[in-house]
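Quick note: numbers below take in every heavy atom, side chains included, and nothing from hydrogens, waters or symmetry partners.
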Amino acid sequence: MMYAIYLPDGRIHQCNKHYAGEDELEAYEKLLNENGEKFVKRQMAGFLPAEHFFVDVNAEEIIERPAMPIEISKPIIQAGSNEDAAIFTGIPAGCLLTVMAANEVIQSIQMGNQDTELELFIPIPCIYRVMFDKWPYRQFVANIEAIA
């Protein structure tokens, strides 16, 4: 039996597999309840990756996290141009935006509740990783190459 232990917002923070008899499973569930852990159980062969699933706390069901409906105008732009930008549309309002280059965070900002589009101008040639995070969506990641 697979147990998905989750937080109040439905984030799965731990998955456990138990290959035990009914008595042992009941004892394990009792222990989880005594410790105040919320969980759902499912008979399945493997685990659920938390980056793709969460628990609907009202229905107490495991469901797939939705993909963000973001679209990008183009993945390659001219570096240093004030006219050539990668335009992101369909961004869920209130996302956390993180831009990285060479494995370092260049910028991380919380977008506003009205911000659903982004024009990204890049001054220096490099490949930039642009990430959007917002619960319960799966993280959106895109590489934008700025060429000389």
For [range], pull every pair meeting side-chain hydrogen bond (donor to acceptor under 3.5 Å, both in side chains), keeping only residues two or more places apart or in separate chains.
range	answer
residues 60-73	E64-R138
residues 117-131	R129-N143
residues 76-85	K74-D84

**OP:** Can you sort out the partners of F54 under ring-ring contact (aromatic ring centres under 6.0 Å, His included), two or more places apart, ordered by chain and number?
**Re:**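 Checked F54 against ring-ring contact (aromatic ring centres under 6.0 Å, His included); matches are W135.
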Quick test of your reading: applying salt bridge (Lys or Arg N to Asp or Glu O under 4.0 Å), list the pairs with at least one residue in [range], sequence neighbours left out, ordered by first then second residue.
range	answer
residues 42-55	none
residues 94-113	none
residues 139-148	none

Test question: given the 4.5 Å side-chain rule for I, L, V, M, F, W and Y, name all other residues clustered with [X], or answer none.
X	answer
I76	I147
I127	none
M1	Y3, I5, L25, Y28, L32, F39

Subject >> Q114 CD: over 12 foreign heavy atoms closer than 6.0 Å >> reply: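 At most 12 heavy atoms, drawn from other residues, nucleotides or ligands, come within 6.0 Å of this atom.
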Original post:
Is T89 close to I70 at the side-chain level, that is, under 4.5 Å between some pair of heavy atoms?
Top reply: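 In short, these two side chains do not touch, never coming nearer than 4.5 Å.
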Subject >> Min side-chain heavy-atom separation T116-F88 under 4.5 Å >> reply: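 Of all side-chain heavy-atom pairs linking F88 with T116, none is under 4.5 Å.
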Original post:
What residues, two or more places apart in sequence or in another chain, satisfy side chain to side chain donor-acceptor pair (under 3.5 Å) together with K41?
Top reply: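 Only E29 meet the side chain to side chain donor-acceptor pair (under 3.5 Å) criterion with K41.
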Original post:
D9: what forms a salt bridge (Lys or Arg N to Asp or Glu O under 4.0 Å) with it, not counting sequence neighbours?
Top reply: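 In terms of salt bridge (Lys or Arg N to Asp or Glu O under 4.0 Å), with neighbours along the sequence ignored, D9 is linked to R11.
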**OP:** Please assess K30 against E34 for the test salt bridge (charged side-chain N to carboxylate O under 4.0 Å, His left out), listing each intermediate value before the final yes or no.
**Re:** CA-CA 6 Å; K30 181 180 178 195; E34 287 173 356; 3.8 Å; yes
Original post:
Is the centre of the Y137 ring less than 6.0 Å from the centre of the F132 ring?
Top reply: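 No - the distance between ring centres of Y137 and F132 does not fall below the 6.0 Å cut-off.
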Original post:
Where the side chain of K134 meets the backbone of P92, is there a donor-acceptor pair that is under 3.5 Å apart?
Top reply: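 Pair absent, no side-chain N/O of K134 close to backbone of P92.
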